[in-house]
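The structure appears right after this line, and notes come after that.
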Amino acid sequence: MLPELKLYNTLTRQREAFAPLDPKLVRMYVCGPTVYDLAHIGNARPVIVFDLVYRLLRHLYGPSHVKYVRNITDVDDKINARAAQEYPGLDLNEAIAKVTFSTEAQFHDDLEALGVLHPDVEPRATEHIAEMRDLIERLVASGHAYVAEDHVLFSVPSMPDYGRLSNRPLEDMIAGARVDVAPYKRDAMDFVLWKPSKIGEPGWPSPSGIAVPGRPGWHIECSAMSWKHLGETFDIHGGGIDLVFPHHENELAQSRCAFHTGVMAKLWMHNGFLQVEGEKMSKSLGNFVTIRDLLADWPGDVLRLNMLKTHYRQPIDWTVKGLEESARTLEQWFDIATTEAHPRPAPAVLEALCDDLNTPKAIAEMHALKDHAGKKALAGTLAFLGFEPARLAAWSAAHAPVLAISEQEIESRIAERIAARRNRDFAASDRIRDELLAQGVALKDNKDGSTTWEAKR
RNA sequence: GGCCACGUGGCGGAGUGGUUACGCAGCGGACUGCAAAUCCGCGUACGGGGGUUCGAUUCCCUCCGUGGCCUCCA
């Protein structure tokens, strides 16, 4: 008997029992990266969190009954700016291709190290321009959008319940507006669906009779890609909490008005923000931490556990101390879970995860497995959660501290020490132990009388 | 200024209207020639103030603190 899955829905501000629209196919869309720079640890949070949601759904509904779409946004002003900066001599479109291609490859390498499964579909925005145009024309035709000065704008007042996701009544937003309003907007809240391309910028034939080439606004790509791969409505839409407004609010407005539906996704999930050593991560503070940097010092599995130690909706403070603790925990678990893995996660862990992805509770349950005869269950749970001893071992081998002493020498010194202890020459015995420690080798005298060693971290 | 979230023991971090979270660190014990590793055991908590209640860390109000968002790159 599987536990009932309950998830917190940003749209309703409460936990709800999850029931897919189509019981034969659970559909989830998560906003992926805009590929203009190395992914930082804050970007890793939604990727890891929703990877776990994906694993959980596959377990509950069967792997062939879940479709997970995570996009790559490869058209964006930040990309254009980066491309122009990195490759000043190159044609802008070629430069953009270089930036997006290499950034995407790096992103995939990072995720591989973090134990993240591939989504079922990973669409790129530039491959869905036709769907975007189609959506825009539907919106214009139904009066939800209009053309002005070669732009297409979404008419926010045309949607009576705009603002429901972010819980911002229209009046409040207008009152709090602090940005100059473009003159071609009918309403201050209207947002861009399509805009004209400047010379040299990427451009595509425009919709709605606009003569000049253009490019999509920020939000339309996700409406287009989720439609193409998941349909007009689907089950779960995820991302970071910073995306709730305006990105998700506007996505939702576009899709619902284009398809005349009451919902876009039934359930909206948002992960909390991440800070580094108690401070907001920013380039000016110099605490901007990329996944790549972290992987130089820590195995991906440790980063993964560190991320899951905090409940996904809570703010997380990313610290070296926390990483050290996670590394130790993972090491202990892998030391214990050496037996054949159970094919399923431990029931108590599954139950915790079904309770709005309560990973801290799940981790506590794993500690309980350690204490009892739960080795096989622990191994199975670790595998289920995406932790892989082989990957960890590979990282450790690649990053092992260089010892100035060979393994044979270590073994012979251990033998020497055993002999000294047998003769009760403890001065000699302790000297050997200290010398090895100074060389980075820590000895362990086990209960069975044997002595083993490990490289000191 | 508007909207929202968070504030738990030395640290990390769940949860709950009235019984132990859990982990790390610490302390005590076992083991050890002594340590380390390992095993067993132990302790301290719910930001301030008010209210509701027989009873609040848990609900309400308020204050303080921390953080996020407030769009077309301004």
Side-chain angles (χ1 to χ4, degrees), chain A residues 10 13 42 76-78 80-81 151-154 156 163 165-169 171-182 184-185 188-196 215-220 240-250 253 270 272-275 278-281 305-306 308-311 313-319 321-330 332-333 335-336 352 355-356 358-368 370-371 420-427 429-430 433-434 436-437 442-454 456:
Chain A
T10 307
R13 324 244 144 210
D76 178 89
D77 288 348
K78 288 197 286 285
N80 299 353
H151 292 67
V152 183
L153 292 123
F154 184 89
V156 168
L165 179 70
S166 53
N167 197 24
R168 292 160 200 249
E171 314 82 76
D172 289 355
M173 286 192 272
I174 292 161
R178 65 174 191 195
V179 186
D180 290 342
V181 177
Y184 47 80
K185 283 189 184 179
M189 293 308 301
D190 293 351
F191 58 90
V192 169
L193 298 174
W194 190 266
K195 55 191 167 187
R215 56 203 177 101
W218 174 25
H219 317 294
I220 195 73
I241 194 151
D242 54 321
L243 294 180
V244 173
F245 190 88
H247 186 53
H248 286 166
E249 193 72 74
N250 290 350
H270 294 98
F273 233 65
L274 179 144
Q275 285 183 271
E279 285 186 312
K280 180 183 173 178
M281 185 165 56
L305 177 61
N306 200 241
L308 297 176
K309 257 183 357 187
T310 304
H311 182 81
R313 286 193 281 115
Q314 290 289 96
I316 183 171
D317 188 14
W318 191 267
T319 63
K321 194 175 174 217
L323 285 164
E324 284 165 354
E325 202 178 301
S326 298
R328 191 175 151 77
T329 301
L330 200 59
Q332 284 185 342
W333 281 346
D335 279 351
I336 293 160
D355 183 14
D356 195 30
N358 192 339
T359 51
K361 181 83 185 333
I363 289 168
E365 296 294 351
M366 290 166 79
H367 285 300
K370 177 190 78 173
D371 293 339
R421 291 178 72 200
R422 201 168 288 136
N423 297 331
R424 304 193 67 79
D425 181 358
F426 298 123
S429 159
D430 291 351
R433 186 171 65 197
D434 292 345
L436 283 172
L437 190 63
L443 295 187
K444 291 203 284 193
D445 295 330
N446 302 306
K447 290 227 172 194
D448 61 8
S450 69
T451 296
T452 51
W453 65 276
E454 61 186 24
K456 194 177 56 171

Quick test of your reading of the model: are Lys321(A) and Glu325(A) salt-bridged, counting only N-O distances below 4.0 Å?
no
Requested in this report: Give the intermediate values and the outcome of side-chain contact (heavy atoms from CB on, under 4.5 Å) for residues Asp242(A) and Phe273(A).
Outcome: CA-CA 8 Å; Asp242(A) 54 321; Phe273(A) 233 65; 3.5 Å; yes
Could you check whether Ser429(A) gets within reach of a base, just the sugar-phosphate, or nothing at all, counting any heavy atom under 4.0 Å? base
The nucleotide from A14(B), C73(B), G68(B) with an atom nearest the side chain of Asp242(A) is G68(B)
| query | Taking the same atom, C1', in C46(B) and in G12(B), what whole-Å distance lies between them? | reply | 15 Å
Between the side-chain atoms of Asp445(A) and the base atoms of A35(B), is any donor-acceptor pair under 3.5 Å?
yes
Closest of G68(B), G13(B), C34(B) to the Phe273(A) side chain is G68(B)
Fill in: Intermediate values then yes/no, side-chain contact (heavy atoms from CB on, under 4.5 Å), Leu323(A) and Trp318(A)
CA-CA 8 Å; Leu323(A) 285 164; Trp318(A) 191 267; 3.7 Å; yes
Over all strands shown, is His151(A) touching base, sugar-phosphate only, or nothing at heavy-atom distances under 4.0 angstrom? nothing
Of all heavy-atom pairs linking Lys309(A) and Ile363(A), the shortest is CA-CD1, 3.7 Å
Of the listed C22(B), U71(B), C73(B), the closest approach to the Asp77(A) side chain comes from C73(B)
### Task
Respond yes when some side-chain nitrogen or oxygen of Arg328(A) is under 4.0 Å from OP1 or OP2 of A25(B), and no when none is.
yes
Work out how far the P atom of C34(B) is from that of A14(B), and round it to whole angstrom. 42 Å
query: Can you tell me how far P in U16(B) sits from the matching atom in C59(B), rounded to whole Å?
result: 9 Å
Per side chain to side chain contact (heavy atoms under 4.5 Å, CB included), Phe154(A) is matched among Leu193(A), Ile220(A), Asn250(A) by Leu193(A)
Whole-Å distance, Leu305(A) CG to C24(B) C1', equals 13 Å
Please confirm whether any donor atom in the side chain of Asn358(A) sits under 3.5 Å from an acceptor in the base of G15(B), or the reverse.
no
Note: for Trp218(A) and Glu365(A) on RNA chain B, the residue whose nearest nucleotide lies more 5' is Glu365(A)
Taking C24(B), G68(B), U71(B) as options, the one with an atom nearest any side-chain atom of Phe191(A) is U71(B)
| task | Could you measure between the two C1' atoms, the one in C69(B) and the one in C63(B), and give it in whole Å? | result | 24 Å
Taken to the nearest whole Å, CG/Asp76(A) to P/C73(B) is 11 Å
(Q) Taking any heavy-atom pair under 4.0 Å as a contact, classify Gln275(A): base, sugar-phosphate, or nothing. (A) sugar-phosphate
* **Intermediate values then yes/no, side-chain contact (heavy atoms from CB on, under 4.5 Å), Asp190(A) and His151(A)** => CA-CA 11 Å; Asp190(A) 293 351; His151(A) 292 67; over 6 Å; no
Separation of G15(B) atom C1' from Arg313(A) atom CZ, nearest Å, is 13 Å
Side-chain atoms of Asn250(A) come closest, of G13(B), G68(B), U71(B), to U71(B)
Testing U32(B), G12(B), C69(B) for proximity to the side chain of Lys309(A), the answer is G12(B)
Under the rule of Watson-Crick or G-U wobble with both distances under 3.5 Å, where | means paired to another strand and [ ] a crossing pair, RNA chain B maps to (((((((..(((.....[...))).(((((.......)))))....(((((..]....))))))))))))....
Fill in: Pairwise C1' distance for A45(B) and C4(B), with rounding to whole Å
27 Å
Trp318(A) CH2 to U66(B) P, in whole Å, measures 25 Å
message = Using the P atom as the point on both nucleotides, what is the distance between G51(B) and G41(B), in whole Å?
response = 43 Å
Taking C6(B), A36(B), G23(B) as options, the one with an atom nearest any side-chain atom of Gln314(A) is C6(B)
> Between Lys280(A) and G68(B), is there a side-chain N or O to OP1/OP2 distance below 4.0 Å?
Replying inline: yes
Original post:
For the side chain of Asn358(A) and the backbone of Ala352(A), is there at least one donor-acceptor N/O pair under 3.5 Å apart?
Top reply: no
Start with the C-alpha distance between Asn167(A) and Arg13(A), add both sets of side-chain angles, then the distance that settles side-chain contact (heavy atoms from CB on, under 4.5 Å), and finish with yes or no.
-> CA-CA 10 Å; Asn167(A) 197 24; Arg13(A) 324 244 144 210; 3.6 Å; yes
*asked:* Please give the distance between the P atoms of C60(B) and U52(B) as a whole number of Å.
replied: 15 Å
Out of C11(B), U66(B), C70(B), minimum distance to the side chain of Lys321(A) belongs to C11(B)
When Asp317(A) and Leu443(A) are each assigned the nearest nucleotide of RNA chain B, the 5'-most assignment goes to Asp317(A)
Closest to the side chain of Phe426(A), out of G33(B), C4(B), C24(B), is G33(B)
- Query: Is the His247(A) ring parallel, tilted or perpendicular to the Trp218(A) ring (thresholds 30°, 60°)?
  - Reply: parallel
Side-chain donor/acceptor contact of Arg433(A) with base of C34(B) under 3.5 Å: yes
Q. If the C1' atom of G10(B) is compared with that of G26(B), how far apart are they to the nearest Å?
A. 8 Å
On the side chain of Thr310(A), is there an atom forming a donor-acceptor pair with the base of G12(B) - under 3.5 Å, no angle test? no
Testing A37(B), G33(B), U71(B) for proximity to the side chain of Lys444(A), the answer is A37(B)
ask   = Does Asp77(A) pair with Arg215(A) as a salt bridge, N-O distance under 4.0 Å?
value = yes
